[in-house]
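What follows is a short report on a single structure.
Every chain is numbered from 1, with letters handed out A, B, ... down the list of sequences. These figures come from a predicted structure and were not determined experimentally.
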Amino acid sequence: MKIYNSMNRQLEDFVPLNPEQVSIYSCGPTVYDYIHMGNARTALVTDIIRRYLVYRGYNVKLVQNLTDIDDKIIGRAAELGVSAKQLAHQNGEAFFEDSQRLGIQPADVAPKATEHIPEMISLIQTLLDKGAAYVIDGSVYYRVNQFAEYGKLSGRKPEDLLAGARVEVDERKEDPRDFDMWKAAKPGEPSWESPWGRGRPGWHIECSAMAMKHLGETIDIHAGGEDLQFPHHENEIAQSELATGCTFARYWIHVAFLKIDGRRMGKSEQNFILLRDALDNYPTEVVRHFLISAHYRHPLDYNQESLAKSEGALRRLNNCLDALKKYDGQFEANGTGGAALQDAIQTMKSQFITAMDTDFNTAQALGAIFTLVSEVNRSLSVSDEADAPALAQAYQALTESCQVLGIYGADVERSDEGDVEQRDQLVNLLLEIRQDARSRKDWDTSDKIRDRLKELNIEIQDTREGATWKIVS
RNA sequence: GGUGGCGUAGCCAAGUGGUAAGGCCAGAGUCUGCAAAACUCUUAUUCGUCGGUUCGAUUCCGACCGCCACCUCCA
């Protein structure tokens, strides 16, 4: 298995530090609002990496943090007239809810910054003791020139950083590159007691402290949006590695940006798409398919057309899987046919693994899946029962792969079981009556049933084996 | 200004030093009382432009054009 490590800007063999358990830290959202599609992309990439590692036999411990105290939260809370704590709590809960709706499996640990203040203070103190930090007016700054490797993740040289005309100059800092780990409290803002007076943690120290607390001094995979590479991840490395003397993270994964209608999604552009809004308009699997239709290191554009394409692709997949379902488990059925299909199944399996093994190439993996879908449809269209064992295998191979990607079977049946059963019986009764009418060539009655059911979002399909129906939206 | 990335059919998107996955759309067909749905088939001598290396490049190198991201809070 290979992972593109942004630390070295190349594909590297993935060898976990501890073969018994792969550790992953994923930078979660700052909970000043509902999460948007960009957050969702990063969270989904992490989810799929984790699912795939599990599929490949690894145990995985995933930590995904929530930044629940920062300037934006304080500012937004003030606007809304609620406490920062309350706002962060609400949005944190909403984040879990939205993630679940996207079919993201919960992290093993979802630490919150405000619940790790002692760990952060302790880490800051360690850095102060090592001379890698200094205190000014109750704030603590990291002394970047104490860390010789600063810039190694983002590939930036000190002079490049210093030359940046856009760096905000804080005259009190020794070096423009220095960043705060502890911010002295301002009146009216939430604050915590510390050896340097009341204040709150800086953004970067949160992740260093929480990652190390829950995963140890060295973690296998650290993931986040590409915008976090600098300065956030760079600063995490500086803090953590200077404090422990160990490599902080062995593989750095950066997820490319999601764009909206060709433009960068941003507050200033007024084009934020919230995940919950997308999920109100499209099924979970469609949104997931869209998000993995391009490789995670390439930009992806969110627009109606793209989502419609994913809808079409999912329809094709689901039709195939629905048709295949009746063969589920029939491995021992009679018949030796389906040799070509057997080959196609093996090809799909190996292509799927090759694709995912190569830096989690979900787009390529989807290609393998859909190639087999065509193969299956072809086999199904000749409808040779001798193929049953091969079709059963195809069903299993397909659902297994799709479940790694989370594009099949994620939806939960929401309706009450009893009602569903009764509805099914009623619809089947109508179909029976319609069939009687059809055998009398009473097309008026037949069409009326079809049309009226259509109005109720129940679509009848006349096939060779008789009429079937399904709910459409 | 510095750093990095991208440019593949109508659209989206994989990919490889040896001759272009997959999806959507479109066209044709199968099925059907009609329809819808579904399924099948077809659709890039060509991978931004121009050079170079090579027996051979979309794939490597160089230049150019175009687009984008980061350097500031941001997934």
Looking across every strand, which nucleic acid part, if any, lies under 4.0 Å from [X] by heavy atom: base, sugar-phosphate, or nothing?
X: Ser306(A); value: nothing
X: Leu258(A); value: base
X: Asn361(A); value: sugar-phosphate
X: His36(A); value: base
X: Ser446(A); value: base
X: Arg315(A); value: sugar-phosphate
X: Ser310(A); value: nothing
X: Ala363(A); value: base
X: His232(A); value: nothing
X: Arg450(A); value: base
X: Ala355(A); value: nothing
X: Arg438(A); value: base

Salt bridge or not for Arg177(A) and Asp175(A), using N-O below 4.0 Å?
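A salt bridge links Arg177(A) with Asp175(A).
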
How many whole angstroms separate atom [atom1] of [X] from atom [atom2] of [N]?
X: Phe290(A); N: A13(B); atom1: CZ; atom2: C1'; answer: 12 Å
X: Arg378(A); N: A38(B); atom1: CZ; atom2: P; answer: 18 Å
X: Glu234(A); N: G2(B); atom1: CD; atom2: C1'; answer: 15 Å
X: Leu380(A); N: A38(B); atom1: CG; atom2: P; answer: 15 Å
X: His233(A); N: C71(B); atom1: NE2; atom2: P; answer: 13 Å
X: Glu375(A); N: C41(B); atom1: CD; atom2: P; answer: 9 Å
X: Phe230(A); N: G2(B); atom1: CZ; atom2: P; answer: 17 Å
X: Asn303(A); N: G23(B); atom1: CG; atom2: P; answer: 20 Å

Considering only side-chain heavy atoms of [X], which listed nucleotide, [options], is closest?
X: Asp462(A); options: C34(B), C71(B), A14(B); result: C34(B)
X: Ser381(A); options: C11(B), C39(B), A75(B); result: C39(B)
X: Glu226(A); options: A69(B), C11(B), A14(B); result: A69(B)
X: Gln461(A); options: C39(B), C12(B), A37(B); result: A37(B)

Using the [atom1] atom as the point on both nucleotides, what is the distance between [M] and [N], in whole Å?
N: G23(B); M: A13(B); atom1: C1'; value: 8 Å
N: U46(B); M: G62(B); atom1: C1'; value: 23 Å
N: A35(B); M: G15(B); atom1: P; value: 43 Å
N: A26(B); M: A69(B); atom1: C1'; value: 35 Å
N: A37(B); M: A75(B); atom1: C1'; value: 40 Å
N: U54(B); M: U59(B); atom1: P; value: 16 Å
N: G52(B); M: G5(B); atom1: P; value: 26 Å
N: C65(B); M: G18(B); atom1: P; value: 31 Å

Would you call the rings of Tyr142(A) and Phe179(A) parallel, tilted or perpendicular, taking 30° and 60° as the class edges?
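The rings of Tyr142(A) and Phe179(A) lie parallel, inter-plane angle below 30°.
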
Take the angle between the ring planes of His233(A) and Trp252(A) and call it parallel below 30°, perpendicular above 60°, tilted in between.
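Tilted, since the angle between the ring planes falls between 30° and 60°.
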
Within the pair [X] and [N], is there a side-chain N or O less than 4.0 Å away from OP1 or OP2?
X: Ser26(A); N: A75(B); answer: no
X: Arg316(A); N: U40(B); answer: yes
X: Asn319(A); N: A37(B); answer: no
X: Asn377(A); N: U40(B); answer: yes

Whether the [X] and [Y] side chains hold a donor-acceptor pair (N or O, under 3.5 Å, no angle test) is what I'd like checked.
X: Asn318(A); Y: Tyr408(A); answer: no
X: Tyr25(A); Y: Asn65(A); answer: yes
X: Tyr52(A); Y: Arg56(A); answer: yes
X: Glu206(A); Y: Thr67(A); answer: yes
X: Tyr296(A); Y: Asp359(A); answer: yes

Quiz item: [X] side-chain donor-acceptor pair to [N] base, under 3.5 Å:
X: Asp447(A); N: G33(B); value: yes
X: Lys259(A); N: C68(B); value: no
X: Arg264(A); N: C70(B); value: no

When Watson-Crick pairs (N1 to N3 and N6-O4 or O6-N4) and G-U wobble pairs (N1-O2 and O6-N3) count only below 3.5 Å on both distances, what is the dot-bracket string of RNA chain B, with | for other-strand pairs?
(((((((..(((.....[...))).(((((.......))))).....(((((..]....))))))))))))....

Along RNA chain B (nearest heavy atom to each residue), the more 5'-positioned of Trp443(A) and Ala313(A):
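Looking at RNA chain B, the more 5' nearest nucleotide goes with Ala313(A).
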
Between Gln351(A) and Tyr4(A), which is nearer to the 5' end of RNA chain B once each is assigned its nearest nucleotide?
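Its nucleotide being nearer the 5' end, the pick is Tyr4(A).
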
Does NZ or CZ of Arg276(A) lie under 6.0 Å from the centre of the six-membered ring of Tyr34(A), at an angle within 45° of the ring axis?
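The answer is yes, since Arg276(A) meets both limits relative to Tyr34(A).
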
Going by centres under 5.5 angstrom and planes under 30 degrees, do the aromatic ring of Phe257(A) and the base ring of A69(B) stack?
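Whether judged by distance or by angle, Phe257(A) falls short somewhere, so it does not stack on the base of A69(B).
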
Which residues pass the salt bridge (Lys or Arg N to Asp or Glu O under 4.0 Å) test with Asp442(A), not counting sequence neighbours?
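In terms of salt bridge (Lys or Arg N to Asp or Glu O under 4.0 Å), with neighbours along the sequence ignored, Asp442(A) is linked to Arg440(A).
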
Which residue pairs pass the salt bridge (charged side-chain N to carboxylate O under 4.0 Å, His left out) test with at least one member in residues 219-237 of chain A, sequence neighbours excluded?
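Listed by first then second residue: Asp220(A)-Arg250(A).
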
